[in-house]
Engineer: 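One structure follows; several queries about it will come next.
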Amino acid sequence: MSATILIVEDEDDVAVLLRYNLEAEGFRVATAASGDEAVERIRDGVPDLILLDWMLPGLSGIELCRRWRAREETARTPIIMITARGEEEERVRGLATGADDYVVKPFSIPELLARINALLRRSSPQLVTAVLKAGDLELDRTSHRVRRGGREVHLGPTEYRLLEYLMRHPGRVYSREQLLDGVWGNDVYVDERTVDVHVGRLRKAINRHRDADPIRTVRGAGYAFDERFAALS
């Protein structure tokens, strides 16, 4: 599991608890402690799911949910509201604003994880499946093996993570900065040109005998896994 989850929570102990358990489950995690910070996080890249506290400094969780549902790029992103408000009227209000689910503090971590996985299975099944396939290209996330046309493709660990990251969202264009954060991580400093080097290595490994190239370069923007690749191969 390598879905990215954004935690929007101003209580440090709750945020730490959530981050610890989500990372232990294999999720990539980003955090924001206020509504304004959450807006900036979304500008850097849309996560696969958002855990959103109701009461926040600045913009409230309800207002954030309303805004994100009005934007095309976040309209279908799963949102789970987390709050101390347990009254039926408040739950209805949160769901009516666009939240997909609702949990009340104090909450059960196993139950929350089950709700997260249920939403991801519906919204992004490619994030929970063991094998990603496109055309004659197959990536097995359990064995960490890649095959193309039945032959095994030998990739280094970085090239493997890069291919998996791109295959999760065919057609979605990632900037070099977003790829650095998603593949290398926020705590590792490498130059953006490093992305180009590893994309070149990935292409060399998976493209043989004039095979169609599944990696699309978008001039001035970054890279994407070509959504037309299945038809081209």
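Numbering of residues begins at 1 and proceeds along the displayed sequence.
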Engineer: Heavy atoms only: give me the nearest P47-T4 pair and the separation to one decimal.
Structural biologist: CB-O, 3.6 Å

Engineer: Which residues satisfy the ring pair (Phe, Tyr, Trp, His ring centres under 6.0 Å) test with Y223, sequence neighbours excluded?
Structural biologist: none

Engineer: Report yes if the side chains of I82 and W54 come closer than 4.5 Å at any heavy-atom pair, otherwise no.
Structural biologist: no

Engineer: Taking all heavy atoms of V153 and all of A205, pick out the closest pair and write down the distance.
Structural biologist: CG1-O, 3.5 Å

Engineer: Kindly assign one of parallel, tilted or perpendicular to the pair Y160 and H144, based on the angle between their ring planes and the thresholds 30° and 60°.
Structural biologist: parallel

Engineer: Would you say CZ of R216 has more than 12 non-hydrogen atoms from neighbouring residues, nucleotides or ligands within 6.0 angstrom?
Structural biologist: yes

Engineer: Would you say M81 and V103 make side-chain contact, with heavy atoms under 4.5 Å?
Structural biologist: no

Engineer: Determine whether the side chains of R203 and T217 contain a donor N or O and an acceptor N or O closer than 3.5 Å.
Structural biologist: yes

Engineer: Looking only at non-hydrogen atoms, find the nearest pair between R151 and R208 and report the distance.
Structural biologist: NH2-CG, 3.0 Å

Engineer: Under a 3.5 Å distance rule, please check whether E111 uses its side chain to pair with a backbone N or O of S108 as donor and acceptor.
Structural biologist: no

Engineer: Who passes side-chain contact (heavy atoms from CB on, under 4.5 Å) against D100, sequence neighbours left out?
Structural biologist: R69, P78, I79, L119

Engineer: Say you draw a straight line from CD1 of I215 to CE of M167; how long is it, rounded to the nearest 0.5 Å?
Structural biologist: 8.5 Å

Engineer: Should the heavy atoms of other residues, nucleotides or ligands under 6.0 Å from CG of D12 be counted, would the total exceed 12?
Structural biologist: no

Engineer: I need the single residue from L51, I7, L6 that forms a side chain to side chain contact (heavy atoms under 4.5 Å, CB included) with T31. Which is it?
Structural biologist: I7

Engineer: Looking at side-chain heavy atoms only, is the closest gap between L59 and R67 below 4.5 Å?
Structural biologist: yes

Engineer: Check whether any side-chain heavy atom of R71 sits under 4.5 Å from a side-chain heavy atom of I42, and report yes or no.
Structural biologist: yes

Engineer: Counting C-beta onward and ignoring hydrogens, is there a side-chain heavy-atom pair between L162 and L179 closer than 4.5 Å?
Structural biologist: yes

Engineer: Does L56 offer a backbone N or O that forms a donor-acceptor pair with the side chain of D53 under 3.5 Å?
Structural biologist: no

Engineer: Locate the shortest heavy-atom distance separating Y102 from R115; write the atom from each residue and the value.
Structural biologist: O-NH1, 3.9 Å

Engineer: With a 4.5 Å heavy-atom cut-off, do P214 and I206 have their side chains touching?
Structural biologist: yes

Engineer: Name the one of L52, T97, V46, T77 that satisfies side chain to side chain contact (heavy atoms under 4.5 Å, CB included) with W68?
Structural biologist: L52

Engineer: Distance check, rounded to the nearest 0.5 Å: L202 atom CG versus H198 atom NE2?
Structural biologist: 10.5 Å

Engineer: Heavy atoms only: give me the nearest A99-C65 pair and the separation to one decimal.
Structural biologist: N-SG, 3.5 Å

Engineer: Pick one: which of N21, I5, L49 meets side chain to side chain contact (heavy atoms under 4.5 Å, CB included) with F27?
Structural biologist: I5

Engineer: How long is the gap from CD on E9 to CG on L17, to the nearest 0.5 Å?
Structural biologist: 10.0 Å

Engineer: Please tell me if the side chains of Y165 and Y174 come closer than 4.5 Å, counting only heavy atoms from C-beta onward.
Structural biologist: yes

Engineer: Evaluate salt bridge (charged side-chain N to carboxylate O under 4.0 Å, His left out) for K105 paired with E11, printing each intermediate quantity in order.
Structural biologist: CA-CA 12 Å; K105 300 175 183 177; E11 294 184 36; 3.2 Å; yes

Engineer: Can you see which heavy atom on A224 is nearest to which on L166, and at what distance?
Structural biologist: CA-CD2, 4.2 Å

Engineer: Within a reach of under 6.0 Å around CD of E23, are more than 12 heavy atoms found that belong to other residues, nucleotides or ligands?
Structural biologist: yes

Engineer: For A33, is there any backbone N or O sitting under 3.5 Å from a side-chain donor or acceptor partner on E37?
Structural biologist: yes

Engineer: Step by step, would you call R148 with E138 a salt bridge (charged side-chain N to carboxylate O under 4.0 Å, His left out)?
Structural biologist: CA-CA 6 Å; R148 183 163 191 188; E138 179 180 300; over 6 Å; no

Engineer: Taking the side chain as everything from C-beta on, heavy atoms only, tell me whether T158 gets closer than 4.5 Å to R161.
Structural biologist: yes

Engineer: CD of E152 to OG of S143: how many Å apart, nearest 0.5 Å?
Structural biologist: 8.0 Å

Engineer: Do I50 and M55 belong together in a cluster built from hydrophobic side chains that touch within less than 4.5 Å?
Structural biologist: yes

